[in-house]
2 protein chains.
Amino acid sequence: MSDVSSIPPRPGLPAGAAAERRDAARNRERLLAAARELIADCGAEGLTMDRLAEHAGVGKGTVFRRFGSRAGLMLTLLSESEADFQSRFMFGPPPLGPGASGLERLIAFGVERISYVMEFGDLVLAAEHASRRRFEAPAAVLWHRHIEILLREEGFGPDPWLMAGSLAATLDPERLLSLVKVHGISPDRLTASWRDLVTRVVRGA
Amino acid sequence: MSDVSSIPPRPGLPAGAAAERRDAARNRERLLAAARELIADCGAEGLTMDRLAEHAGVGKGTVFRRFGSRAGLMLTLLSESEADFQSRFMFGPPPLGPGASGLERLIAFGVERISYVMEFGDLVLAAEHASRRRFEAPAAVLWHRHIEILLREEGFGPDPWLMAGSLAATLDPERLLSLVKVHGISPDRLTASWRDLVTRVVRGA
DNA sequence: ATAATAAGCGGACCGCAGTCCGTTTAGATG
DNA sequence: CATCTAAACGGACTGCGGTCCGCTTATTAT
């Protein structure tokens, strides 16, 4: 299992970088616990950085020093389940993991992603928001590459990289949540449409 | 030509609603002129509601009374070209307008949309942002329906409405701009990929 | 012309994310 | 133990989008 999605204490530094100070580690745990509490109470939208700082009993500056931004905090909160998802589609059992055909894995990927968004919806949304170029987020880049590889495995023709991006765009959390919450579309119908889409795209080259 | 995309002075009221007061109309023109100036000088991101109010010589409350929100203002600034685009794909000459096959019109739609985003990129982005459910915007609903109709015309099978949404998601301005500006993808390559996608989707049902 | 009234107006105000900088403290060194 | 330094800290501060509410004014009816 790689470290692709880990959010290190001080991102960007090489692996052997100086360890985090005790008080800093303690404050991070405090903040994460407080954040989970607040989200349980008020939902993800109800979590503001000021309230979090107050609730955790630290200064506001500390919150931003730890997580960089609100999106960074949300990303950290998601990192565990995110890493789990990633390891499942990269190393887990078929049809999601290796062992099945490219098409089967593509279908399974969409299905898993949809149910992931259904489960962590508002958190995912909050993690994407603000950070502007959400397409450069490490996780997004990884999915993109994953889809591209599966397309190539199926012998997909002209421009697998762009097509992978188009397919990924189809799974945009904001769209999926709007379909389910505003239009009352069932997740099953979403997965059926995804299956149809990737089948058509892959079929014939 | 319908009124589908018009942004009336006081949206939501029936057609015969009371006319706008003279001073209000004058202020709207002032604000729009000032907004265009500011955007020309500082770009769309550089336009803040406070600066706009000051530059136009009105109170901040007036700005929000006129346009509701920053996104509403951007939408108003776009409404002319937006209406033009809409009338072209609904009533204009083929292959964009009626007269060509569904597939040809789908391809032409994507091509036009891509070049529209290339031209008005940051404005479009600012118009979408904030308003949260960008998928319910009248223009977005119209495109969605348009694509759905073209799919049906091609005899598209199981779930034309959802598939139309997926195809539309592929043309998301934020994605397109990120591809061009961050990754240096040429618009031509984008349109080629769109053509490939819709062709595969339509082909065979 | 005058009065009545609803629309329009301005800018103080709010809550938010994010920054800045003077102060405190963990932990390494001698 | 005393000292030193870089990391961590806190909270005042900024700029933003958006709201509120008491005052002003265009318009219409008399």
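Small disclaimer: the values here were computed from a predicted structure and weren't measured. Computed over heavy atoms, backbone and side chain alike; hydrogens, waters and symmetry mates excluded. So you know, we letter chains A, B, ... as the sequences are listed, proteins then strands, and number each from 1.
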Q: Note the angle between the end axes of the helix from C:dA1-D:dT30 to C:dG30-D:dC1, five pairs defining each, rounded to 10 degrees.
A: 0°

Measure [atom1]/[X] against [atom2]/[N] and give the value in whole Å, please.
X: B:Leu31; N: C:dG8; atom1: CG; atom2: C1'; answer: 13 Å
X: A:Met74; N: C:dA17; atom1: CE; atom2: C1'; answer: 12 Å
X: A:Glu20; N: C:dG27; atom1: CD; atom2: P; answer: 11 Å
X: A:Leu47; N: C:dG18; atom1: CG; atom2: P; answer: 12 Å
X: A:Arg70; N: C:dG18; atom1: CZ; atom2: P; answer: 9 Å
X: B:Arg65; N: D:dC23; atom1: CZ; atom2: P; answer: 17 Å
X: A:Leu52; N: D:dG10; atom1: CG; atom2: P; answer: 12 Å
X: A:Arg28; N: D:dA7; atom1: CZ; atom2: P; answer: 16 Å

Q. Once you round to the nearest 0.5 Å, how far does CG of A:Leu123 lie from CD1 of A:Ile39?
A. 5.0 Å

Q. If only side-chain N and O atoms of B:Asn27 are considered, is one of them under 4.0 Å from the OP1 or OP2 phosphate oxygen of C:dG8?
A. no

Q | Phosphate OP1/OP2 of C:dC9 contacted by B:Arg66 side-chain N/O (<4.0 Å) | A | yes

Can you tabulate the close N/O pairs, meaning under 3.5 Å, that link protein atoms to atoms of nucleotides 11-14 of chain D?
from, atom 1, to, atom 2, distance (Å)
D:dG11, N7, A:Gly61, N, 3.3
D:dG11, O6, A:Gly61, N, 3.3

**Q.** Residues that B:Phe120 engages under ring pair (Phe, Tyr, Trp, His ring centres under 6.0 Å), provided they are two or more places apart
**A.** B:Tyr116

Q. Within a radius of less than 6.0 Å around CD of A:Glu136, do more than 12 heavy atoms belonging to other residues, nucleotides or ligands occur?
A. yes

Is there a donor-acceptor contact under 3.5 Å from the side chain of [X] to the main chain of [Y]?
X: B:His55; Y: B:Ala35; value: no
X: B:Glu154; Y: B:Leu103; value: yes
X: B:Arg70; Y: B:Leu47; value: yes

Q: Kindly assign one of parallel, tilted or perpendicular to the pair A:His144 and A:Trp161, based on the angle between their ring planes and the thresholds 30° and 60°.
A: parallel

(Q) Please compare B:Gly57 and A:Gly68 by the position of their nearest nucleotide in DNA chain C and report the one closer to 5'. (A) B:Gly57

Q) Taking the side chain of B:Arg22 as its heavy atoms from C-beta onward, which of C:dA17, C:dG8, D:dT27 lies nearest to it? A) D:dT27

Q | Listed nucleotide nearest any side-chain atom of B:Asp23, set D:dA8, C:dA17, D:dA26 | A | D:dA26

Q. Do A:Ser166 and B:Arg175 have side-chain atoms, one donor and one acceptor, less than 3.5 Å apart?
A. yes

**Q.** Heavy-atom donor-acceptor pair, B:Arg21 side-chain to C:dA7 base, under 3.5 Å
**A.** yes

Q.
Measuring only between side-chain heavy atoms, which start at C-beta, is B:Phe109 closer than 4.5 Å to B:Val198?
A. no

**Q.** Check: B:Phe85 and B:Leu78 side chains under 4.5 Å, non-hydrogen atoms
**A.** no

Q) Does A:Ala24 or B:Arg51 map to a spot on DNA chain D nearer the 5' end, using the closest nucleotide for each? A) A:Ala24

